[in-house]
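Quantities reported herein were computed from a predicted structural model and do not represent experimental measurements.
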Amino acid sequence: MTGASDEPLLAKAMKTGEYYRLQVAEGELYVAIEQLRGTGARILSVTQVKATLEEFFMNLVEADRAQAAAVEVSGK
């Protein structure tokens, strides 16, 4: 996996042993697969990653905090 067009993928990839692990958004999946195929990479598996209950809750809390801050700022 080398080349100028591969840089965005390489920036997202994490090396684990002799393999690379890449996590992309669902909307970017097919583009990423085509880019990997173009490099001659061997794709071992594609798995949907789901947020844990804790991650889901923290995302809700963070979104609520961001909205609350925006409301406070717009009220001044």
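- Taken from CE in Met14 to OG1 in Thr16, the straight-line distance is 6.5 Å, to the nearest 0.5 Å.
- One distance of note links CG of Leu22 with CG of Leu29; it measures 9.5 Å at 0.5 Å rounding.
- Here CD1 of Ile43 is found 6.0 Å from CZ of Arg37. Values are rounded to the nearest 0.5 Å.
- With values rounded to the nearest 0.5 angstrom, Glu55 atom CD is found 12.0 Å from Leu60 atom CG.
- The minimum heavy-atom distance between Lys15 and Glu18, with the atom names listed, is CE-CA, 4.4 Å.
- In this structure, Val49 is not a member of the same hydrophobic cluster as Val46, with clusters built from ILVMFWY side-chain heavy atoms closer than 4.5 Å.
- Considering every non-hydrogen atom in both Tyr20 and Ala13, the closest pair reads CD2-CB, 4.0 Å.
- Between the CZ atom in Phe57 and the CD atom in Glu62 there is a gap of 10.5 Å [rounded to 0.5 Å].
- From Gln23, atom CD reaches atom OG1 of Thr47 across 10.5 Å, with rounding to the nearest 0.5 Å.
- Residue Leu44 places its CG atom among more than 12 non-hydrogen atoms of other residues, nucleotides or ligands, all under 6.0 Å distant.
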